[in-house]
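Whatever order the structure lists them in is the order used to number ligands and atoms, beginning at 1.
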Amino acid sequence: MDSISIRGGVALQGVVRIQGSKNAALPVLAATLLTEGISHIANCPRIVDVYNMISLLESLGCEARFVADGLSINPCSIRCGAMPSDAVTGMRSSLCLLGALLGSCGEVVMEHPGGCVIGQRPINLHLDALKSMGVDFEEKDGRLVGRTDRLRGADINLAIASVGATENIILAAVAAQGRTMIMNAAREPEIEALCDYLRRCGADIEGDGTSRIIIHGGCRLSGADYSIPADRIVAGTYLFACIATGGNVFLKDAPCGQMRAVLLLAERMGSHIDLSDSGIYVQSRLRPVIPSSLTTAPYPGFPTDLQSAALAAMLRGDGSCIIEENIFENRFRVVEPFRQMGADIEFLSSTSVKVRGVPELEAADVSACELRGGAALIIGGLQAHGESRISGCSYIYRGYENICRDLRELGARITIV
Ligand code: EPU
C-alpha cells in the first residue's frame with residue numbers, strides 16, 4: 001500500500017474530476033467547534049488529513065459521520081482537554097484548532113506542532129496575535145497550553161501574510177468581544193472559504209480575499225450547510241502531469257478563477273488552455289517549452305505547493321529554468337530522486353535551482369518524503385522509460401483522495417503495490 005508502480009511513457013488523455021480542497025476543508029472542520037447545531041459539509045475530500053481532523057474533533061466531543069454527499073458534524077458536547085498527540089504531531093494543520101478551541105472553550109492544550117520536512121514552520125505569528133487578543137501561553141511538558149478568560153478583538157498587523165495565522169486569528173476573532181482587524185492578512189482562496197462558511201453560520205466578517213480583514217466578534221453561530229471548493233493544488237498537479245506527458249486532459253470542476261498564475265505558466269510552457277464553466281481543458285505539446293524563470297509567492301502568485309509539480313513537468317522540456325522557492329526553505333527534496341531518473345538539476349542556493357531539459361528520463365526506484373514532492377515524483381515516473389517504483393506514498397494520501405485511480409482514468413499505467 002505504501003508504494004506505487006508506474007510504467008511511464010503514456011500521454012494522459014481524458015477527463016478527471018477534481019476533489020474538494022484539503023486546505024479549505026481543514027479550517028472549516030475546525031470552525032465547527034465554534035458553532036451550535038449540525039453542519040453539513042459537502043464535497044469534503046476523503047483524505048488522511050481529513051480523517052485525522054475528524055479524530056481530533058471526536059476526541060473533543062464532536063459527532064462526525066460521512067453521509068452520502070458529505071460530512072455531517074455535530075459539536076454537541078465540546079470539552080477542552082488534551083488531544084491525541086500522534087494526531088496533532090502527525091498533522092501540521094491541526095494548528096487551526098488553536099484559534100477554534102480558544103474561541104469555543106477559552107483553553108487549548110496541544111502537542112507543539114514543531115517543524116516539518118518542508119521547513120521549520122515557526123508559529124510565532126499565531127501566538128503573538130492570540131496573545132494580543134488576551135490569551136496567555138505557556139509550555140508544559142512539551143505541550144503548548146493556552147488560556148484566556150475573555151477573548152477581545154485587536155488590531156493585528158502580520159509581519160508575514162501567513163495563511164495559518166490568518167485562519168487562527170479569524171477563528172478566535174469570531175468568538176471575541178469587539179472588532180478585530182487583520183492587516184497584511186493572507187489572501188489565499190482557503191481564507192475566503194473559511195469566511196464563507198463562518199458567514200453562513202452567522203459571523204460578521206468582511207474583506208477576506210484582500211489583505212485587510214475585519215471581524216466583528218460575538219455573533220451567535222449556528223451550524224450551516226457548506227460545500228468545500230475544488231482543490232486548486234490537485235487540479236494543478238494533474239495539469240502538470242498532463243503537460244509532462246504531452247497529453248490532452250479536461251480538469252472537471254477545477255477552480256479556474258483561483259489558478260491564474262498556474263495557467264499562465266502552463267501557457268508559457270506551450271499548452272493551450274480553454275476555460276469553461278465546468279473546468280479547464282489542457283492541450284499540451286509533445287515536449288514542453290521551459291520558461292526562463294519561476295518564483296513562488298503568496299496568492300495570487302505561483303503557489304509553493306505546485307513548485308515541485310511544475311519542476312517535474314520541466315524535466316524533459318526544451319530550455320532551462322531558474323526556480324526560486326520563496327515560502328518554505330526545504331522544498332527541493334525532490335531534486336535527488338529526479339536526478340536518479342536522469343534529470344539535470346543544479347542547486348544555485350538552498351532555495352533555488354536551475355533545471356535544464358533532457359531528452360529522456362529513465363525509470364528509478366525513489367522515495368517520497370512529503371506530500372507535494374511525492375506527487376511530483378509520480379509526474380516524474382509518468383514520463384520515464386520503464387517501470388518506476390515510488391515508496392513513501394502514505395504522504396501522498398494525506399492530500400490526494402485517489403491519485404492512482406485518477407491517473408489511471410487518464411490512461412496512465414499506475415498501480416498500488
Ligand atoms: N511563518 C512564520 N511564522 C509563523 C507562521 C508562518 O515565520 O508563525 C512563515 C512560514 O515559515 C513560511 C511562511 O510564513 O515561510 C508562510 O507560511 P504559512 O503560515 O502561510 O503556511 P501554513 O499556513 O503553515 C498553508 C498550507 C500549506 C501551504 C502554505 C502556503 C494548510 C494546512 N497548509 O501552510 O500547504 O504550502 O499555506 O500557501 O493550509 C500542503 O498542502 O502541502 C501545504 C504545505
Salt-bridge present (R356, E346; N to O < 4.0 Å): yes
In terms of atom number and element, which parts of ligand 1 are under 4.0 angstrom from non-hydrogen atoms of R331? 36 (O), 42 (O), 44 (C)
Hey, does the side chain of N43 reach the backbone of I228 with a donor-acceptor pair shorter than 3.5 angstrom? yes
At a 4.0 Å cut-off, with the gap strictly under it, does some heavy atom of K22 reach an atom of ligand 1? yes
Check ligand 1 against G164 and write out every atom of the ligand that is under 4.0 Å from a heavy-atom position of the residue. 19 (O), 23 (O)
Side chains of E370 and R331: does their closest heavy-atom pair fall under 4.5 Å? yes
Proximal atoms of ligand 1 relative to T304 (non-hydrogen, under 4.0 Å): 30 (C), 36 (O)
Among all the protein's non-hydrogen atoms, which is closest to atom 19 (O) of ligand 1, and how far away is it? S162 OG, 2.6 Å
Side chain, backbone, both or neither: which part of F328 comes within less than 4.0 Å of ligand 1 when only heavy atoms are counted? side chain
Is the closest basic N to carboxylate O distance between D344 and K354 below 4.0 Å? no
Applying side chain to side chain donor-acceptor pair (under 3.5 Å) to Y51 and R398, what does each step give before you reach the verdict? CA-CA 9 Å; Y51 296 137; R398 292 179 55 174; over 6 Å; no
If you measure from the Lys or Arg side-chain nitrogens to the Asp or Glu carboxylate oxygens, is any gap between D136 and R147 under 4.0 Å? no
Using a strict cut-off of less than 4.0 Å between a Lys/Arg side-chain nitrogen and an Asp/Glu carboxylate oxygen, indicate whether D253 and R17 qualify as a salt bridge. yes
Going by the order shown, which atoms of ligand 1 are within less than 4.0 Å of some heavy atom of L371? 42 (O)
Heavy-atom contacts with R372 under 4.0 Å: which atoms of ligand 1 show up? List them by number with element. 40 (C), 41 (O), 42 (O)
Would you call the rings of F347 and F332 parallel, tilted or perpendicular, where under 30° means parallel and over 60° means perpendicular? perpendicular
For atom 27 (C) of ligand 1, closest protein heavy-atom neighbour: D305 OD2, 3.9 Å
Can you name the side chain to side chain donor-acceptor pair (under 3.5 Å) partners of E188, sequence neighbours left out? none
Test log, rule salt bridge (charged side-chain N to carboxylate O under 4.0 Å, His left out), inputs E206 and R199: CA-CA 9 Å; E206 58 194 89; R199 269 189 296 263; over 6 Å; no
Considering only protein heavy atoms, which is closest to atom 3 (N) of ligand 1, and at what distance to one decimal place? N124 OD1, 2.8 Å
Of all the non-hydrogen atoms in the protein, which one sits nearest to atom 4 (C) of ligand 1, and at what distance? P122 O, 3.0 Å
Identity and separation of the nearest protein heavy atom to atom 15 (O) of ligand 1: I327 O, 2.5 Å
Taking N or O atoms only and a 3.5 Å limit, does L26 qualify as a polar contact for ligand 1? no
Nearest neighbour in protein (non-hydrogen) for atom 24 (O) of ligand 1: R121 NH2, 2.8 Å
Out of curiosity, is I118 lining ligand 1, as in a heavy atom under 4.0 Å away? yes
Look at atom 25 (C) of ligand 1 and say which protein heavy atom is nearest, naming residue and atom and giving the distance to 0.1 Å. V163 CB, 4.0 Å
Distance to 0.1 Å, residue and atom name: give those for the protein heavy atom nearest to atom 33 (N) of ligand 1. N23 ND2, 3.7 Å
Tell me whether E401 contacts the main-chain N or O of R46 through its side chain, where contact means a donor paired with an acceptor under 3.5 Å. yes
